[in-house]
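Scope of the values below: all heavy atoms of this structure, side chains included, with no hydrogens, waters or symmetry mates. The sequence lines fix the lettering, A, B, ..., with proteins before strands; numbering per chain opens at 1.
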2 protein chains.
Amino acid sequence: MSEQRRHRVRLEISREAARLFWAQGVDGTSGDQIAEAVGLSTRTIWRHFRSKESCAEPIIAQSVEWELATLRSWPPHRSLEEHFATEAKRLASEIGTQGQADAGLGVKMMRLADTEPALRTAWLMACDQVEHELAAVIATRLGLEHDDLQVRLHAAAASAALRILNEYVGAGLLDGTDPRKLGDENFAFIADAVRTATGGAVGDPVDIAEVPAESGEGTADRLAF
Amino acid sequence: MSEQRRHRVRLEISREAARLFWAQGVDGTSGDQIAEAVGLSTRTIWRHFRSKESCAEPIIAQSVEWELATLRSWPPHRSLEEHFATEAKRLASEIGTQGQADAGLGVKMMRLADTEPALRTAWLMACDQVEHELAAVIATRLGLEHDDLQVRLHAAAASAALRILNEYVGAGLLDGTDPRKLGDENFAFIADAVRTATGGAVGDPVDIAEVPAESGEGTADRLAF
DNA sequence: TGCCAATGTGGCACTAGGTGAAAATTGTGG
DNA sequence: CCACAATTTTCACCTAGTGCCACATTGGCA
């Protein structure tokens, strides 16, 4: 089965699972129900997902995917707010009704995660992945290794800030905030949150030329071992 | 059953479970084995823990408990490194062999969490709780509400930094670092990491008198909704 | 001391999540 | 239409976890 095809099937299952989880809770939803809803046998569900809760992962992962993609394509010479703003504009024109529905489900799963530990896991794991990818991005921007302690600290703090903002915005949307209110000034707020969380090290444009000169400056020489 | 007694039983089960998890993996350990190791019936284990993996929670929670307790008792007029240093000294004189063994098990569970998703959950959940308690601490230090967006951002970033440092130090200890090398200069490093993650807002002494004047300054006026 | 009530524990049957392996179905090139 | 591989289904089976009732232990009280 092609990787793409597999991804689509998983996503399809995930949609139905998320819908059922939201409608009747995780405990109140059985594997059989998910299978019936998506029109596959139960066994096939377990072939695609190791557990019931993990059925929600693709829809959650997809809701952070654009953020991840945006961070991956962040050119060194641009500021974070600039890049977010242009990418958001591009995304807005590309996203279809399916994408909007998925985003809605993603937000609902985020909300469910507040009360369903099994889903909170999935959400935290998704954020965990953001953290790792962000470490790579930060490492290249600062000219350090991706497992440098300072890089890991910055990545963890920044992705934690992004998580909080995601939860905040998501909660707002579920409570009836008009999505059109999400304007450019919010990207400035997000970028500043990242700047604050990283002590100003991440968020501004970096000059390619000066990066090598700074390399090593941020490493954890002071930690005794 | 008294709350204290219940806590002790859970901890006892957790010790055996952690030992078995470390020795033979989570999947390789059955509920029956844990029950036998601790001398209780399997049924009683499930009365105390909702799942196999959650048996590791108390030992993990305990390993962040001293950190939590230290943060809770952080007086406004002291810097973070000062407070950590004195509390660590006090702790070192109080901790017994049992406490040391538990700390060792806690570090091992942290390490296992790298490969065992079920345990990573427990670890992230423990960190999640640190984040919440830290929010309360930060709120009082800054004179803001504990659910203020700025407070949540600082708490998330700071606790993420603490998590990374925990993982880093834990990994070091498991790889043979001498525990005695954990001196005062490390507390300065930790405190600086927290300072960086919070844009300098958390870590230094705060003057009680000036707190009310600053209240409201950090709120998220700029986010559009 | 002896009784009683509350509460923790054990045993056992049972549900549900999840897997292994072979049969059945679907898809695909000749 | 056939041969063949890839996927799905069917079915037996395993283990984590629950409901229920009987039993044991504890602690209060006369």
Side-chain angles (χ1 to χ4, degrees), chain A residues 1-21 23-59 109 112 115-122 125, chain B residues 1-59 109 112-113 115-122 125:
Chain A
M1 194 182 236
S2 74
E3 201 52 44
Q4 191 206 50
R5 174 85 192 122
R6 182 176 176 77
H7 188 250
R8 284 181 63 120
V9 170
R10 282 173 55 89
L11 195 55
E12 215 165 313
I13 296 172
S14 194
R15 282 196 193 102
E16 291 303 321
R19 197 174 52 73
L20 289 167
F21 287 166
Q24 50 192 25
V26 176
D27 290 347
T29 304
S30 72
D32 291 337
Q33 278 181 299
I34 299 174
E36 198 193 341
V38 74
L40 287 172
S41 79
T42 309
R43 184 63 184 85
T44 304
I45 301 296
W46 300 140
R47 202 178 293 295
H48 285 286
F49 294 96
R50 50 197 147 67
S51 72
K52 193 170 63 168
E53 306 78 46
S54 67
C55 289
E57 278 169 15
I59 214 73
M109 290 305 98
L112 257 193
T115 53
E116 302 266 9
L119 288 188
R120 178 131 197 103
T121 295
M125 292 298 234
Chain B
M1 196 181 235
S2 73
E3 202 51 45
Q4 191 206 61
R5 175 87 191 119
R6 183 176 176 78
H7 188 251
R8 285 180 63 121
V9 171
R10 281 173 56 88
L11 195 55
E12 216 166 311
I13 296 172
S14 194
R15 282 195 193 103
E16 291 303 322
R19 198 175 51 76
L20 288 168
F21 287 166
W22 182 248
Q24 50 192 27
V26 176
D27 290 346
T29 303
S30 71
D32 291 339
Q33 279 181 299
I34 299 174
E36 199 193 341
V38 73
L40 287 171
S41 79
T42 310
R43 184 65 187 84
T44 303
I45 301 295
W46 301 140
R47 237 190 282 284
H48 285 285
F49 294 96
R50 51 199 145 65
S51 72
K52 193 169 64 168
E53 307 80 44
S54 67
C55 289
E57 280 170 13
I59 213 72
M109 290 306 98
L112 258 192
T115 53
E116 301 266 8
L119 289 188
R120 178 130 197 103
T121 295
M125 292 298 233

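Taking A:Arg19 as the reference, A:Glu16, A:Ala37 meet the side-chain contact (heavy atoms from CB on, under 4.5 Å) condition, with sequence neighbours excluded. Applying the side-chain contact (heavy atoms from CB on, under 4.5 Å) criterion to B:Thr29, with sequence neighbours excluded, gives B:Leu20, B:Phe21, B:Gln24, B:Gln33, B:Ile34. For B:Arg8, there are no salt bridge (charged side-chain N to carboxylate O under 4.0 Å, His left out) partners, not counting sequence neighbours. Annotation: side-chain contact (heavy atoms from CB on, under 4.5 Å) contacts of B:Ala35 (sequence neighbours excluded): B:Thr42, B:Ile45. Listed by chain and number, the residues in a salt bridge (charged side-chain N to carboxylate O under 4.0 Å, His left out) with A:Arg10 amount to none (sequence neighbours excluded). Under the rule for a salt bridge (charged side-chain N to carboxylate O under 4.0 Å, His left out), A:Glu116 has no partner lying at least two apart in sequence or in another chain. For A:Arg47, the side-chain contact (heavy atoms from CB on, under 4.5 Å) test picks out A:Arg43, with sequence neighbours left out.
To the nearest angstrom, C1' of D:dT8 lies 17 Å from CZ of A:Arg10. Distance B:Ile45 CD1 to C:dG10 P: 9 Å, rounded to the nearest Å. When rounded to the nearest whole Å, the span between CD of B:Glu36 and P of C:dG11 equals 13 Å. Separating the CD atom of B:Gln4 from the C1' atom of C:dG8 is a distance of 17 Å, rounded to the nearest angstrom. When the P atom of C:dG11 is taken as reference, atom CH2 of B:Trp46 falls 16 Å away, rounded to whole Å. Taking atom CD1 of residue B:Ile13 and atom P of nucleotide D:dA16, one finds them 16 Å apart after rounding to whole Å. C:dT26 atom P lies 13 Å from atom CG of A:Leu40, rounded to whole Å. To the nearest angstrom, P of D:dT15 lies 14 Å from CD1 of B:Ile34.
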For nucleotides 20-27 of chain D, give me every protein contact, N/O to N/O, under 3.5 Å, one pair per line with atom names.
none

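Within the 4.5 Å cutoff, the side chain of B:Glu53 has no heavy atoms near those of the B:Thr121 side chain. For the pair B:His48 and B:Glu12, the minimum side-chain heavy-atom distance is 4.5 Å or more.
Contacts between residues 49-57 of chain B and DNA chain D, counted as heavy-atom distances below 4.0 Å, involve B:Arg50, B:Ser51, B:Lys52.
Residue-level contact check: B:Thr42 touches neither bases nor backbone, having no heavy atom under 4.0 Å from any strand.
Put simply, B:Ser41 has a side-chain N or O that comes within less than 4.0 Å of OP1 or OP2 on C:dG10. At the phosphate of C:dT9, OP1 or OP2 sits under 4.0 Å from a side-chain N or O atom of B:His48.
Comparing C:dG10, D:dT18, D:dT9 by their nearest atom to the side chain of A:Thr44 picks out D:dT9.
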